[in-house]
Amino acid sequence: MATRFNALKSDAHWQRVWEDARTFAADDHSPKPRSYVLEMFPYPSGRIHMGHVRNYTMGDVLARYRRMTGHEVLHPMGWDAFGMPAENAAMEKGVHPGGWTRDNIATMKAQLKRLGFALDWTRELATCEPDYYGHEQALFLDLYEAGLVYRKESAVNWDPVDMTVLANEQVIDGRGWRSGAVVEKRKLSQWFLKITDFADELLDGLADLKDWPDKVRLMQENWIGRSRGLRFRFILSGFSTSLEANGEDGASPPPFVLSVVETLGPDASIEVFTTRPDTIFGSSFVAVAADHPLAQAVAESNPEAAAFIERCRQGGTTAAELETQEKLGFDTGLTARHPFDPEWNLPVYIANFVLMEYGTGAVFGVPAHDQRDLDFARKYDLPVRRVVSEGEQTDPVFEGDTAYTGPGTIVNSRFLDGMDVESAKRAVIDRAEAEGWGQGTTVYRLRDWGVSRQRYWGTPIPIIHCDACGPVGVPKDQLPVVLPEDVSFDVPGNPLDRHPSWKHVSCPSCGAPARRETDTLDTFVDSSWYFIRFASQPKDQPFDRAVAERWLPVGQYIGGVEHAILHLLYARFWTRALAHIGRLDVAEPFAGLFTQGMVTHESFYARLLSVDSVEKLPDIVNVMFEQELTKREAYDKFGEHYVSSTRWLPPEQVIINSDGSLSCPTIEQEFAGSDDVIVDGIFRGRVEKMSKSKKNTVDPEPIVDQYGADAVRWFMLSDSPPERDLPWSEAGIEGAWRFVQRIWRLFSETREGEGEDKALARKLHQTIAGVAADVEALAFNKAVAKLYELVNAIEKAQPSATRAEAVRTAMLLVAPMTPHLAEEAWAAAGNEGLIADAPWPAVDPALLVEDEVTIAIQVNGKLRDTITLPKGAPKEDAEAAALASDKIVAFLGDKQPKKVIVVPDRLVNLVA
RNA sequence: GCGGACGUGGCGAAAUCGGUAGACGCUGCCGACUUAAAAUCGGUUUCCUUUGGAGUGCGGGUUCAAGUCCCGCCGUCCGCACCA
């Protein structure tokens with residue numbers, strides 16, 4: 001064997017061997033226990049990045065380990081291939097999205113193969129191919145027939161940069177998740193999936209997902225946002241009084257009342273939702289959203305109301321704006337009758353803090369027990385009445401500016417007095433239901449999933465619009481509805497809509513001329529079922545139910561936490577929807593979920609100073625020339641005309657000087673000849689996620705070429721716990737490379753020996769058990785540490801039969817992590833077959849326990865000495881040995897310990 | 001504002017049940033080998049005023065014993081955000 005591991009040669013060789021032997025192809029009919037290991041499939045953006053490498057390495061170690069422990073493993077890979085970047089590339093570079101995407105897939109596939117992942121490439125799929133999205137269209141139509149898809153005119157989030165609609169989930173702080181542009185509201189006819197039908201199931205199902213991170217379950221729980229409460233109607237009392245007044249004495253009601261009558265009819269009422277019906281006697285106003293029909297009706301005849309509504313709409317939606325925005329209201333002059341007291345009338349406001357999208361778009365305000373209502377009431381001087389006692393405090397007059405939201409006894413509330421909060425809620429709901437003016441309900445934050453996108457590069461929605469028949473599903477025998485190839489991207493908007501012929505078809509139902517739906521599906525639909533298609537991919541249907549059910553659910557799903565809500569919620573919904581229509585008997589798609597951390601890297605930036613105006617520049621340059629000033633001197637003189645900006649620098653261009661200061665010759669050179677730009681300094685940024693904007697990315701490919709796949713894989717698993725961020729460093733990858741060479745030397749040695757080495761045998765078996773447990777728990781950093789310990793121990797051990805056995809076993813233990821090296825060593829050592837097919841070594845339980853233990857001796861809880869005793873030594877022996885210790889004798893002097901605590905095999909604590 | 005996670009050497013971290021804090025790796029330093037360098041190997045690397053003492057963000061508490069449990073702060077990160 002060579003003394004140096006030739007990764008380049010070895011990687012290529014074993015990758016070919018695995019491929020030729022179809023080693024990692026999953027057998028649908030295997031009698032072995034099954035294990036479905038899946039990492040979130042990548043978007044083919046161009047090249048793989050370190051995040052992919054880390055993600056897929058983790059999954060790979062688990063998949064290889066599972067194979068070694070006798071499982072039939074399904075570990076597939078594919079491409080989430082539809083989406084905006086392909087269209088952006090088309091617009092920027094004039095290439096076709098399909099060509100661009102497929103080229104990227106080819107590149108990235110080669111890169112993944114270069115890392116030696118144990119993937120079943122026979123099941124590879126790309127969502128942009130008709131043989132995938134055609135089946136998706138069929139499933140969409142199935143859901144349509146089952147009533148889980150509907151079309152509705154709705155205000156949508158419109159991204160003005162990407163020129164498309166975004167789902168609520170894709171709007172972050174009022175901006176598009178991709179473009180970062182401020183999202184506008186537009187009214188459009190959109191297709192929706194009835195995810196809200198499954199709100200309860202999706203929420204309650206979380207409880208069964210024991211192998212999901214608590215964090216993700218909680219995020220989904222909050223996202224679904226279930227609130228139980230009372231929905232009821234306020235009769236508009238001021239409204240009816242005016243009508244009666246009109247009838248009695250002939251006086252005309254104010255014009256706005258007439259307008260409201262026309263719009264809403266004579267039985268006008270306001271429906272509100274509350275989670276605190278127990279506080280109903282503390283209410284002092286009713287408020288509706290600016291978009292509420294009542295507000296609209298009032299605005300029609302009241303210009304002031306209209307102006308107020310306009311003002312509400314202009315209010316920002318970002319976090320900061322909401323934080324500082326004042327609670328504003330407009331008194332409509334209408335009053336609402338309290339449901340428990342016809343004489344009690346509440347003013348009706350239009351308020352900027354009430355959301356039309358949540359609940360009923362109207363609330364009743366209980367200032368004493370809701371902070372927002374209190375702010376509002378204080379501003380408009382409305383009554384603030386305490387109805388829940390706060391300790392001894394029961395005074396109906398509520399003082400202060402902090403609402404009380406805690407528990408207590410209901411007070412000042414007529415028939416509710418004396419009840420606790422929960423009983424009072426029930427009592428009010430019971431009364432409302434008995435008297436017919438309200439009912440207990442559940443309200444969700446979750447909205448239905450809008451899936452229409454005005455884009456080309458997505459799955460065409462298989463619907464045809466007919467003037468006579470309305471929307472008609474494309475007959476299944478006409479699927480797939482294939483995207484046309486001849487499209488142009490020279491103008492923004494949807495190329496499908498502009499295409500001269502594609503959308504013109506005849507109605508499948510009546511044959512009349514009709515139009516194809518030109519919207520495509522949100523790409524999250526594509527990723528909502530790909531794991532099912534991986535498990536089973538017949539030509540004639542989306543999946544074979546029996547085969548899919550054999551593999552599902554995915555045993556271990558691994559991916560980034562950024563998908564904690566969107567993708568994971570949609571996939572859970574889609575799976576349940578398929579179950580609902582009887583296509584699949586699987587409730588939850590992912591039994592185990594793991595969210596891995598990012599790969600981070602240090603970042604550096606230069607601070608640049610430059611003249612802020614083009615007009616000023618010639619003046620300054622002239623002065624510099626006349627007075628022979630340096631750029632720095634000119635800055636000292638004209639500093640007020642300069643602005644500073646940040647330029648991120650690739651870390652490899654930054655030089656760390658011996659005194660710790662930083663310099664960057666590249667950028668200094670770049671601006672050396674410039675008239676006005678001063679490189680003010682080079683600074684260290686944060687260690688953060690690799691990103692193009694921070695210029696701190698590291699391309700895996702040259703790294704793999706330099707160090708080999710195994711060193712890169714080993715580094716990805718080392719040091720940082722997998723759920724935490726992994727800081728990339730040159731020193732780190734070199735350390736990994738050194739280790740690869742080190743175990744190669746160990747495996748190459750021929751130091752056969754005789755006899756047993758009990759201590760090494762123990763270490764070996766503890767390591768076998770420990771690494772197995774760590775890999776199963778995905779605690780790769782701990783497994784790596786244990787392997788280091790084992791290798792250290794073997795290297796130090798004298799030749800023996802045990803040592804030779806330990807070397808052989810170590811090959812198996814590192815095989816999931818550094819598979820190429822393991823195969824090479826395994827073959828060189830004369831073993832039959834592939835190490836990838838070899839069984840995981842068996843543990844001798846007898847060797848897991850030590851026969852001697854080190855016992856700590858403490859005095860008053862502080863460590864003073866350690867002694868070695870046989871394992872299981874009786875307490876008396878331990879105590880006697882402790883008291884006999886020289887150090888302890890010296891420490892205690894004449895004193896006798898007052899108390900002795902002995903924890904067998906652990907410690908002796910002497911209390912003096 | 002609400003919810004959650006986290007805080008341990010110069011750095012990444014370990015300590016799985018309340019029982020020897022810092023395993024393992026990185027970096028640095030010293031040494032061996034070498035004409036030299038690389039590689040490799042050995043040693044060392046929490047801090048201090050070092051026969052000892054202190055130490056797991058800070059302040060308290062429970063306990064024979066606390067990184068771990070309890071109470072109160074501070075800080076960092078993540079999610080949600082006028083949710084009725």
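Just the heavy atoms: all of them, side chains too, but no hydrogens, waters or symmetry mates, feed the values below. A note on names: the letters A, B, ... follow the listed sequences, proteins ahead of strands, and every chain is numbered from 1.
With the nearest nucleotide of RNA chain B identified for both Ala856(A) and Gly770(A), Gly770(A) has the one nearer the 5' end. In terms of position along RNA chain B, the nucleotide closest to Asp725(A) lies nearer the 5' end than the nucleotide closest to the other residue of the pair Asp725(A) and Gly361(A).
The aromatic rings of Phe273(A) and Tyr358(A) sit perpendicular to each other, their planes meeting at more than 60°, with 30° as the lower class boundary. Relative orientation of the Tyr570(A) and Trp449(A) rings is parallel, given thresholds of 30° and 60° on the angle between their planes. Relative orientation of the Tyr380(A) and Phe376(A) rings is tilted, given thresholds of 30° and 60° on the angle between their planes.
Looking at Lys786(A), its side chain has no donor and acceptor atom pair within 3.5 Å of the base of C24(B).
Base-pair partner of A36(B): not found among the strands shown (Watson-Crick or G-U wobble, both distances under 3.5 Å). Nucleotide C6(B) forms a Watson-Crick or G-U wobble pair with G75(B), both donor-acceptor distances falling under 3.5 Å. With a cut-off of 3.5 Å on both pairing distances, the Watson-Crick or G-U wobble partner of G1(B) is C80(B). Under the Watson-Crick or G-U wobble criterion, with both distances below 3.5 Å, C24(B) is paired with G12(B). With a cut-off of 3.5 Å on both Watson-Crick or G-U wobble distances, the partner of G19(B) is given as C64(B).
As judged by a 4.0 angstrom heavy-atom cut-off over every strand, Ser718(A) is placed among residues making no nucleic acid contact. Base engagement by Val354(A) is indicated by at least one non-hydrogen atom pair under 4.0 Å involving a base atom. Counting any heavy atom pair closer than 4.0 Å across all strands shown, Arg372(A) reaches a base atom. Nucleic acid contact for Asp214(A): none, since no nucleic acid atom lies under 4.0 Å from a heavy atom of the residue. No contact: Asp370(A) has no heavy atom under 4.0 Å from any strand. Using a 4.0 Å heavy-atom cutoff across all strands shown, Thr854(A) reaches at least one base atom of the nucleic acid.
Distance Tyr788(A) OH to A14(B) P: 15 Å, rounded to the nearest Å. If you take CD1 of Ile224(A) and C1' of G3(B), they are 16 Å apart, rounded to a whole angstrom. For the pair Leu568(A) CG and G79(B) P, the interatomic distance rounds to 15 Å; values are reported in whole Å. The separation between Trp728(A) atom CH2 and C26(B) atom C1' is 14 Å, rounded to whole Å. Counting to the nearest Å, the C1' atom of G25(B) and the CH2 atom of Trp714(A) are 10 Å from each other. Taking atom CZ on Arg226(A) and atom C1' on G3(B), their separation rounds to 17 Å, with Å as the unit. When the P atom of G53(B) is taken as reference, atom CG of Leu863(A) falls 11 Å away, rounded to whole Å. Going from atom CD of Glu730(A) over to atom P of C26(B) covers 15 Å, rounded to whole Å.
Neither OP1 nor OP2 of C2(B) sits under 4.0 Å from any side-chain N or O of Asn222(A). Ser729(A) has no side-chain polar atom (N or O) that falls below the 4.0 Å cut-off from OP1 or OP2 of C26(B). Taking 4.0 angstrom as the limit, Arg228(A) places none of its side-chain polar atoms (N or O) nearer than this to OP1 or OP2 of C83(B). Here Asn792(A) does not reach the OP1 or OP2 of A23(B): none of its side-chain N or O atoms lies under 4.0 Å away. At the phosphate of A13(B), OP1 or OP2 sits under 4.0 Å from a side-chain N or O atom of Arg724(A). OP1 or OP2 of A84(B) sits under 4.0 Å from a side-chain N or O of Tyr358(A). Contact check, Arg864(A) against G53(B): a side-chain N or O comes under 4.0 Å of OP1 or OP2.
Distance noted for atom C1' between C58(B) and G75(B): 10 Å (whole Å). Taking atom P in both C33(B) and G52(B), the straight-line distance is 36 Å, to the nearest Å. Spacing between C70(B) and A54(B) at atom C1', rounded to whole Å, works out to 25 Å. Straight-line distance between the C1' atoms of U16(B) and U68(B): roughly 12 Å, to the nearest whole Å. Separation of the C1' atoms belonging to A21(B) and G55(B) is 9 Å when rounded to the nearest angstrom. Nucleotides C48(B) and G42(B), compared at atom C1', are 29 Å apart to the nearest Å. A15(B) and U8(B) have their C1' atoms separated by 10 Å, with the value rounded to a whole Å. Rounded to a whole angstrom, the distance from the C1' atom of A37(B) to that of C47(B) is 37 Å.
Taking the ring axis of Trp744(A) as reference, the NZ or CZ atom of Arg4(A) does not stay both within 45° of it and closer than 6.0 Å to the ring centre.
The nucleotide whose nearest atom lies closest to any side-chain atom of Glu789(A) is, among C26(B), G12(B), A23(B), A23(B). Here C82(B) is the nucleotide among C82(B), G79(B), A54(B) with the atom lying nearest to any side-chain atom of Asn352(A). Relative to the side chain of Pro721(A), the nucleotides C82(B), A14(B), A84(B) differ in distance, and A14(B) lies closest. In this structure, the nucleotide among C80(B), A54(B), A13(B) sitting nearest to the side chain of Asn781(A) is A13(B). Taking every side-chain heavy atom of Leu218(A) into account, G4(B) is the closest of G12(B), C82(B), G4(B).
In this structure, Arg742(A) pairs ionically with Glu795(A), as a charged nitrogen and a carboxylate oxygen lie closer than 4.0 Å.
Here Glu789(A) pairs with Lys763(A) under the salt bridge (charged side-chain N to carboxylate O under 4.0 Å, His left out) rule; sequence neighbours left out.
Using a 4.5 Å heavy-atom cutoff, the side chains of Thr442(A) and Tyr444(A) are in contact.
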Determine, stepwise, if the pair Asp370(A) / Arg276(A) fulfils salt bridge (Lys or Arg N to Asp or Glu O under 4.0 Å). CA-CA 10 Å; Asp370(A) 181 286; Arg276(A) 293 296 302 274; over 6 Å; no
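Note that CG of Leu662(A) and CZ of Phe604(A) are 6.0 Å apart. Values are rounded to the nearest 0.5 Å.
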Let me have a per-nucleotide readout for nucleotides 63-77 of chain B, 5' to 3', with B, S or -, counting only protein heavy atoms under 4.0 Å. -BS-----------S
Under 4.0 Å protein heavy-atom contact, by nucleotide of nucleotides 38-51 of chain B - B base, S sugar-phosphate only: --SS----------
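In this entry the base of G9(B) is syn relative to its sugar, with a glycosidic angle within 90° of 0. Base orientation of C17(B): syn, since the glycosidic angle falls within 90° of 0.
For the 3.5 Å distance criterion, the side chains of Gln220(A) and Arg572(A) qualify, holding a donor opposite an acceptor.
A distance-only check finds no donor-acceptor pair linking the side chain of His765(A) to the backbone of Leu760(A) [under 3.5 Å]. Checked by atom type and distance alone, the side chain of Ser720(A) never pairs as donor or acceptor with a backbone atom of Ser718(A) at under 3.5 Å. Between the side chain of Asn696(A) and the backbone N or O of His601(A) there is at least one donor-acceptor pair closer than 3.5 Å. No donor-acceptor distance shorter than 3.5 angstrom exists from the side chain of Thr196(A) to the backbone of Ala199(A), with no hydrogens or angles considered.
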